[in-house]
2 protein chains.
Amino acid sequence: MDIPLSHEIIVGDCVAEMARMPAASVDLIFADPPYNLQLSGALHRPDDSLVDAVDDDWDRFASFEAYDAFTRAWLLAARRVLKPNGAMWVIGSYHNIFRVGAILQDLGFWILNDVVWRKNNPMPNFRGRRFTNAHETMIWAARSADAKYTFNYEAMKAGNDDLQMRSDWLLPICTGGERLKDADGRKVHPTQKPEALLARVLMSSTRRGDVILDPFSGSGTTAAVAKRFGRSAIGIERDRTYAAAARERIAGIETLSDEVLSESPTKREAPRVAFGVLVEQGLIAPGARLTDHKGNLEAVVRADGTVAAGNVVGSIHKIGALVQNATACNGWTFWHYDKAGRRVPIDELRTQVRSQMAADGA
Amino acid sequence: MDIPLSHEIIVGDCVAEMARMPAASVDLIFADPPYNLQLSGALHRPDDSLVDAVDDDWDRFASFEAYDAFTRAWLLAARRVLKPNGAMWVIGSYHNIFRVGAILQDLGFWILNDVVWRKNNPMPNFRGRRFTNAHETMIWAARSADAKYTFNYEAMKAGNDDLQMRSDWLLPICTGGERLKDADGRKVHPTQKPEALLARVLMSSTRRGDVILDPFSGSGTTAAVAKRFGRSAIGIERDRTYAAAARERIAGIETLSDEVLSESPTKREAPRVAFGVLVEQGLIAPGARLTDHKGNLEAVVRADGTVAAGNVVGSIHKIGALVQNATACNGWTFWHYDKAGRRVPIDELRTQVRSQMAADGA
DNA sequence: GTGAGGCATGAATCTAGTA
DNA sequence: ATACTAGATTCATGCCTCA
C-alpha cells in the first residue's frame with residue numbers, strides 16, 4: 001500500500017489562504033486559534049470588511065465582537081474547504097472556547113463531543129485566587145449533522161485497555177526534547193501542543209492518506225504528527241519564523257512503516273455475508289435447530305436462508321427479536337448451533353466464509 | 001456564632017421570580033439550566049433495554065435563537081440580584097454550555113475558571129460512534145471583572161492533600177440512596193446532581209451565612225447542601241412536583257455543628273503585616289542583609305521598611321522580582337535572613353508578629 | 001451472615017446501506 | 001426524501017436473589 005503524501009506549510013492569513021483552496025478538499029481540520037482578545041493583526045468579517053483594530057484602549061464588548069467576527073470568518077472559510085463528510089477539531093480555553101463553540105453551532109457544524117485535555121503538569125495558579133487551570137477544551141464537530149464522519153472506535157477502545165475512550169484525556173504538556181528551541185535555547189512558539197495530543201486526535205478521527213488542514217499551524221505539530229502517521233497535511237501560518245521552524249521540523253520526520261500503519265478492517269467494514277450463503281455452502285443444513293446461548297429459545301433453519309419460529313418465518317435478526325420480544329436483535333451473535341454437543345454462535349460460520357472469501361480474493 | 005439561616009423553595013418562573021427579588025441580595029448563584037439536548041428517536045442499549053432519555057418539555061426549544069433568548073433573560077435577571085462582589089456557577093454539556101458561556105461574557109460576567117466534572121461512572125456510548133461523554137462543564141464567573149469574589153483557596157488546598165485544587169474534579173453521578181425516588185420507586189427528577197459536587201462548589205466559593213440562589217432548583221440539591229453547610233438558600237422551581245420533593249428533602253437536612261463549620265482563617269484573611277513593622281519592632285535591623293535561600297542574591301534592609309539591591313530601592317516583593325529578573329515575587333518567602341548562621345525566610349518573623357497581635361487582641 | 005451472580009440504570013444531540 | 005432491513009453496540013455501580 002503506497003499513498004502519496006504531501007506536507008506543506010503556507011505562509012499567509014488563514015482566511016485568505018483557505019479561500020484560495022478548492023472547496024470540499026479536506027478531510028479533517030485541526031485548529032488552535034489565538035485566544036488573546038487583544039488582537040494585534042487585522043481582522044476581517046465574513047464579507048471581508050475590516051474590523052476596527054483592537055488596541056490598548058480596547059473595551060470589553062468591542063473586543064468580544066472583534067473576536068467573534070474573526071472566529072466567524074475563519075470558521076466559514078474552514079467549512080467551505082471541508083469535504084461533506086469532513087470534521088473539525090478546535091482547541092481553546094475558557095477565554096475563547098465558548099465563543100468558538102457557539103459560532104460553530106450557528107454555522108451548521110454538529111458537535112460530536114467536547115473533549116477535555118487534562119494536563120499532568122499544568123502551571124499552578126501562583127496567586128491562589130482560582131483553581132489551577134489544569135485543562136484545555138477541544139470541540140470535535142462534523143461539518144453537518146448528517147455527515148458520515150470518521151471515528152475509529154475499535155482502535156480507540158483497543159488502545160484503552162478494551163474500554164471505550166472517554167471524553168477526558170490525560171496527557172502531559174509539551175516539554176523537554178519535544179519542545180522546539182531556537183539557537184539561543186528559547187522556545188520557538190509559546191503554545192506548542194504535545195504530539196501525543198495530535199496523535200490521538202488523528203488516530204481517532206482520520207484514515208490513512210486523509211488530508212489534514214491546520215489553519216493556525218504554529219510550530220507545525222499537526223503536520224508533523226500527520227506525516228508520522230501517514231496522513232497528508234496543509235499548514236497555514238502567518239508568522240514566517242514559525243513557518244520556517246515548522247518546515248524544518250517536518251522535514252526531519254519519517255513516516256512510520258506500512259506494517260505499523262496498516263488499518264485492520266473493522267467489524268462494520270467487513271464484507272457482508274448473508275445467512276443464506278451459509279446454507280447454500282452446506283455449513284449449516286436446512287432443518288437444523290438454532291437456539292439462544294442458554295438453549296431455551298429456538299428456531300429452525302429453512303432452505304432459503306430464512307429461519308422459522310413456530311409458524312413465523314423471517315431473517316435470523318427478525319426472528320431473534322421476535323422470540324425475545326425485543327425491538328431488534330443481531331441474529332449472528334444471538335443464535336447458536338450445535339457443534340459436537342457445544343452451543344456455538346452462528347457468527348463463527350460467517351467468519352469461516354469470510355476467511356474463505358479473503359483466500360479466494362488473494 | 002449563630003447565623004440565622006433560611007431555606008426556601010419558590011414555585012414559579014425563575015426570570016419573573018428573580019425580578020421580584022431585591023437587587024444585589026445574593027452572594028452566589030448556582031444554576032443548572034435546561035441543556036437543550038435535541039434528542040431524536042429512542043436509544044437502546046446493546047441488551048435492547050430502553051434508555052430513559054431526558055425528553056421533558058422543559059428541555060425542548062424551537063431553535064438556538066430561542067435557547068439564546070431564554071439564556072440571556074435568566075442571566076440578566078440573575079446578574080441583577082447578585083451582590084457586586086457575587087459570583088455564579090453554571091453547569092452544562094456541549095449542547096448548551098458554549099452558548100451560555102458566550103452570553104454570560106457578553107453580559108459582563110467575568111469567567112474565573114471552567115471546571116470539568118469528570119464522572120467515574122458515566123453512561124457509555126452505546127452505538128460506538130463517539131467518545132464516552134464522561135464529563136460536564138461548569139463555568140465559575142464573577143459578576144464583573146473587578147468583583148472581589150470569595151475563594152477559599154487554603155481550604156480547597158488543604159482538602160486536596162495540600163495540592164492546589166485543579167479545574168477537573170472526579171466525582172460519581174448521583175445514584176443509590178441519595179437519588180430521590182417517588183412512591184413507585186421512580187426517580188423524581190431526571191437530572192439530580194450529586195451532593196458532593198455542590199459541596200465542593202459551596203465550600204470553595206461561599207462563606208458561612210452566605211445567601212445562595214438556585215434559579216433551576218429541581219430536586220433541591222443546592223439548597224440541601226447549603227443548609228447542611230450553614231448557608232441560606234433560595235430555590236426557584238417551575239414544577240410543583242419537583243418543588244414539593246425538594247422541600248421535603250430540605251426539611252430532613254440538619255445543619256452541621258458550629259464546631260465543624262467554623263472557618264479557619266486563611267492566610268489571605270490573616271491580618272496584614274507590612275515588612276516595615278518588622279523593622280519598627282526591631283525584629284530585623286536596618287542594614288541587615290537578606291538573601292535568597294541559596295545565599296546568591298542579596299538586598300539590604302532599609303529603615304523605612306524598603307530594601308535595596310545595588311542602587312535600586314523598593315518593597316521586598318519588587319526587589320525580589322528584580323534580582324530574579326522575574327515579573328513578580330512573594331518577598332516573604334523569597335528573602336531569608338541570617339538566624340544564628342542559618343538562612344530563614346522572613347515570613348517566620350511575620351508569623352511572630354501575627355501571634356503577638358492575636359495575643360494582644362485576646 | 002456472606003459471597004457470587006443477575007439485573008437495572010445513568011443529561012445521549014449514538015448506523016449504514018439499499019430500494 | 002422516505003422506508004426498510006441488516007446488523008453493530010455498554011461501563012460502573014447499587015441492589016437484589018439465591019446458594
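The structure displayed is predicted, hence computed values, not measured ones. Naming: A, B, ... by sequence-line order, numbering from 1 per chain.
The distance between atom CG of Asn121(B) and atom C1' of dA8(C), rounded to the nearest whole Å, is 14 Å. Summarising the geometry, the separation between NE2 on His44(B) and P on dA8(C) is reported as 14 Å, rounded to the nearest angstrom. Note: CZ (Arg166(A)) to P (dG10(C)) measures 18 Å, nearest angstrom. Rounded to whole Å, the distance from CG on Asp48(B) to C1' on dT9(D) is 11 Å. The CD1 atom of Ile346(A) sits 13 Å away from the P atom of dA6(D) (whole-angstrom rounding). The distance from atom CD1 of Ile173(B) to atom P of dA8(C) is 17 Å, rounded to the nearest whole Å. Going from atom NZ of Lys157(A) over to atom P of dA8(D) covers 14 Å, rounded to whole Å. Rounded to an integer number of Å, the gap from CG of Leu163(A) to P of dC11(D) is 6 Å.
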Q: Tell me, with the steps shown, if Asp32(B) and Lys193(B) meet salt bridge (Lys or Arg N to Asp or Glu O under 4.0 Å).
A: CA-CA 9 Å; Asp32(B) 183 8; Lys193(B) 296 293 175 290; 2.9 Å; yes
Q | Intermediate values then yes/no, side chain to side chain contact (heavy atoms under 4.5 Å, CB included), Arg143(A) and Arg79(A) | A | CA-CA 7 Å; Arg143(A) 188 182 183 281; Arg79(A) 195 156 189 271; 3.9 Å; yes
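Asp114(A) comes within 4.0 angstrom of nothing in the nucleic acid, heavy atoms only. No contact: Trp117(B) has no heavy atom under 4.0 Å from any strand. Contacts of Pro122(B) with the nucleic acid, taken as non-hydrogen atoms under 4.0 Å apart, include base atoms. Across all strands shown, Asn330(A) has heavy atoms under 4.0 Å from base atoms, whether or not it also approaches the sugar-phosphate.
Comparing dC14(C) with dG10(C), their C1' atoms are spaced 15 Å from each other, to the whole Å. Nucleotides dA8(C) and dT10(D) have their C1' atoms positioned 13 Å apart, rounded to a whole Å. Nucleotides dT9(D) and dG17(C) place their P atoms 14 Å apart, quoted to the nearest Å. Taking atom C1' on both nucleotides, dA12(D) is separated from dT13(C) by 23 Å, rounded to a whole Å. Taking the C1' atom of each, dA11(C) and dC15(D) are spaced 23 Å apart, rounded to whole Å.
A stem is defined here as three or more consecutive Watson-Crick or G-U pairs, each with both distances under 3.5 Å; for DNA chain D these stems are C:2-10 with D:11-19, C:15-19 with D:2-6.
Between Phe98(A) and Phe98(B), the ring planes lie tilted relative to each other; the angle falls in the 30° to 60° range.
Less than 6.0 angstrom separates the ring centroid of Trp140(A) from the ring centroid of Trp89(A). Between Tyr35(B) and His95(B), the ring centre distance reaches or exceeds 6.0 Å. Proximity of the aromatic rings of Trp110(A) and Tyr149(A) is defined here by a centroid distance below 6.0 angstrom, and this criterion is not met. Aromatic pair Trp74(B)/Phe216(B): ring centres closer than 6.0 Å.
In this model, a donor atom of one side chain and an acceptor atom of the other lie less than 3.5 Å apart for Gln164(A) and Thr132(B). For the residue pair Arg302(A)/Thr306(A), the side-chain donor-acceptor check at 3.5 Å is satisfied. At a cut-off of 3.5 Å, with distance as the only test, no side-chain donor of Asn113(A) or Tyr94(B) sits close to an acceptor on the other residue. The closest side-chain donor-acceptor pair between Thr327(A) and Asp48(B) falls under 3.5 angstrom. For the residue pair His135(A) / Asp168(A), no side-chain donor-acceptor distance below 3.5 Å is found, with atom types taken as modelled. Ser49(B) and Arg45(B) are linked by a side-chain donor-acceptor pair at a separation below 3.5 angstrom, with hydrogens and angles left out of the test.
Because its glycosidic torsion is more than 90° from 0, dT5(D) is reported here as anti.
Annotation for Arg249(B): atom CZ counts as buried by contact number, over 12 foreign heavy atoms lying within 6.0 Å. Under a cut-off of 6.0 angstrom, the local environment of CG in Asn296(A) is crowded, with over 12 non-hydrogen atoms contributed by other residues, nucleotides or ligands. Annotation for Asp184(B): atom CG counts as buried by contact number, over 12 foreign heavy atoms lying within 6.0 Å.
Toward the 5′ end of DNA chain D lies the nearest nucleotide of Glu154(A), the other residue of the pair Glu154(A) and Pro172(B) mapping further downstream. Annotation: of the two residues near DNA chain D, Trp332(A) and Gln164(A), the 5′-most nearest-nucleotide partner is Trp332(A).
Between Arg118(A) and Glu136(A) there is no salt bridge, since none of the side-chain N atoms of the basic residue sits less than 4.0 Å from a carboxylate O of the acidic one. Under the 4.0 Å criterion applied to side-chain N and carboxylate O atoms, Asp106(A) and Arg99(B) are assigned as salt-bridge partners.
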What's touching nucleotides 2-7 of chain C from the protein side, N or O pairs under 3.5 Å?
none

Got a list of protein N/O to nucleotides 1-5 of chain D N/O distances below 3.5 Å?
unit_1: dT5(D); atom_1: OP2; unit_2: Lys318(A); atom_2: NZ; d: 3.4

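How far CD of Glu154(A) is from CD of Glu263(A): 12.0 Å, rounded to the nearest 0.5 Å. Atom CZ in Arg343(A) sits 8.0 Å away from atom NE2 in His336(A) (nearest 0.5 Å).
Looking at residues 179-203 of chain B, you'll see that no heavy atom sits under 4.0 Å from any atom of DNA chain D.
Taking side-chain N and O atoms only, Lys119(B) has no distance below 4.0 Å to OP1 or OP2 of dT13(D).
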Q) When you check every protein heavy atom under 4.0 Å of nucleotides 12-19 of chain C, what one-letter string (B, S, -) results, 5' to 3'? A) BBBBS---
Q. Nucleotide by nucleotide, 5' to 3', does protein get under 4.0 Å of the base (B), only the sugar-phosphate (S), or neither (-) in nucleotides 14-19 of chain D, counting heavy atoms?
A. SS----
